[in-house]
Amino acid sequence: MLQPHQPPARYALGFLVLIAIVVGASAAAFAYTAGWFSPQRLTPDKIVDALTPPGVDVLGHRRNHAKGICFTGVFEANGAGSALSKAQVFTRGQYPALGRFNLATPNPNAADATVRVRGFGLRISTPDGQQWRMAMIDPPVFPVSTPQAFYDLLLASGSKDPDAMKTFAGAHPEIAAFGGWAKTAPWTGSYAEERFNSLDSFIFTDGSGAEHAVRWSLVPAAQPVPVATADLAKRGPDFLEQEITDRVHTAPQHWTMVVTVANPGDPTADPSKAWPEDRRTVDVGTLTVQQIEAEPDGPCRDINFDPTVLPAGIRTSDDPFPAARSSAYAKSYDRRTAEAKDYPRTTTGAKP
Ligand code: HEM
């Protein structure tokens, strides 16, 4: 006989069908996210796999910008940025900063003089509990217009086909601006002499609710001194870490944060396109690097400088890169933190 708390057979069947639908839908969602339904779709796994150089042990390291050195310091806002964004980070005052000088290579053992692009990860924290994370590089433009093109560039540069890069450049003429910079811009002997650029565009919202499309740069106080690459190579494979450690030990190093405001119609969705030189700029404060921190097991190890971690008053724009970067950085972070016992083994290490 049917007990009062037992559902009739047709209800039990209904429950089973419902459970099957929920489980099936979850499995389908996972399969979609993993790209199983659309093998041509760009996924974070694919992009991070494409970054990984064959034959190089990357365990425990960031899957790009693998070689670097951590620092702590302070961002001093002068108040001028408040006209553009209501974020507390622009209110006059001092806010703690944590960051990482780095080289744009997935090879943690690369010699410093062989890597053209230098980078800068930064997190500024404010008393309202918000954070502004960013990751900038020293070229004035990004090589390509879209995340898909970045992936195709990774495949072309790793291809055995001797014409792969030529074919890629033919299909992506926007790479010429970056190529021109890479060939002609002087190299320097110090992270402290580099200008680091957001390249991606973001939207600042001011106190009245008005929005401003912007990019920003950290402009060094130190005068850049050009050095021939042959001379840099003679300084040893890890000279950049040693130089910045010694330099900061001698005196704190400063960068001015300069925000560039777009005119209507300026391209915000394409970091390979520079904005005209005459755009309005606002100096919003000074970043001071006060101390070099240990890279192995130091405070930068477990941070992801995800450019979509933004305080209220800054948001992403129609630029497709930050979202693609966020998912790739998260994938890289997942992989390297799961390999924590291997992290990192190859740097010279800092002498704070
Ligand atoms: C689709 C394009 C891009 C992809 C797939 C990509 C991928 C990555 C990955 C996987 C990491 C390592 C993240 C981690 O493990 O914490 C990384 C770090 C970094 N990326 Fe990108 N990136 C892209 C575009 C850019 C752009 C446009 C910039 C600068 C304007 C940039 C600057 C940096 C910097 C400075 C770091 C090092 C941050 C750190 O020290 O942790 N990347 N990138």
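Indexing begins at 1, ligand by ligand and atom by atom, following the structure's order. As a basis for the values below, the full set of heavy atoms in this structure was taken, side chains included, without hydrogen atoms, waters or symmetry mates.
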In this structure, atom 4 (C) of ligand 1 is nearest to the protein heavy atom F150 CE2, 3.5 Å
Tested for salt bridge (charged side-chain N to carboxylate O under 4.0 Å, His left out) against D49, the lone hit among R335, R63, K331 is R335
Q. Quick one: does S198 get within less than 4.0 Å of ligand 1, heavy atoms only?
A. yes
Residue set satisfying salt bridge (Lys or Arg N to Asp or Glu O under 4.0 Å) with D128, at least two apart, ordered chain then number -> none
Residues 273-297 vs ring-ring contact (aromatic ring centres under 6.0 Å, His included), sequence neighbours excluded, gives none
So, the side chain of N107 versus the backbone of A66: is there a donor-acceptor pair under 3.5 Å, distance only? no
Hey, are E194 and T188 close enough side-chain-wise for a donor-acceptor pair under 3.5 Å?
yes
Among R301, R100, Q148, R62, the residue with a heavy atom nearest to atom 41 (O) of ligand 1 is R62
Residue, atom and distance of the protein heavy atom nearest atom 15 (O) of ligand 1 read S332 OG, 2.5 Å
Proximity of F321 and F150 rings by center, below 6.0 Å:
no
One finds that the ligand 1 atoms under 4.0 Å from a non-hydrogen atom of F321 are 1 (C), 2 (C)
A correct count of protein N/O/S atoms found below 2.8 Å of atom 21 (Fe) of ligand 1 gives 1
Out of R63, R336, R123, the nearest non-hydrogen contact to atom 16 (O) of ligand 1 is supplied by R336
Please check if the distance between the ring centroids of F75 and W132 is under 6.0 Å. no
By side-chain contact (heavy atoms from CB on, under 4.5 Å), A228 pairs with (sequence neighbours left out) D231
task = Dump the intermediate steps for side chain to side chain contact (heavy atoms under 4.5 Å, CB included) on N263 and R279, then the final yes or no.
result = CA-CA 7 Å; N263 274 9; R279 292 300 178 256; 3.2 Å; yes
In ligand 1, the atoms that come under 4.0 Å of a heavy atom of F120 are 35 (C)
Exercise for review: Anything under 30° is parallel, anything over 60° is perpendicular, the rest tilted; go ahead and classify F90 against F204.
Suggested key: tilted
Atoms of ligand 1 under 4.0 Å from any heavy atom of M136, numbered from 1 in the order shown, are 35 (C)
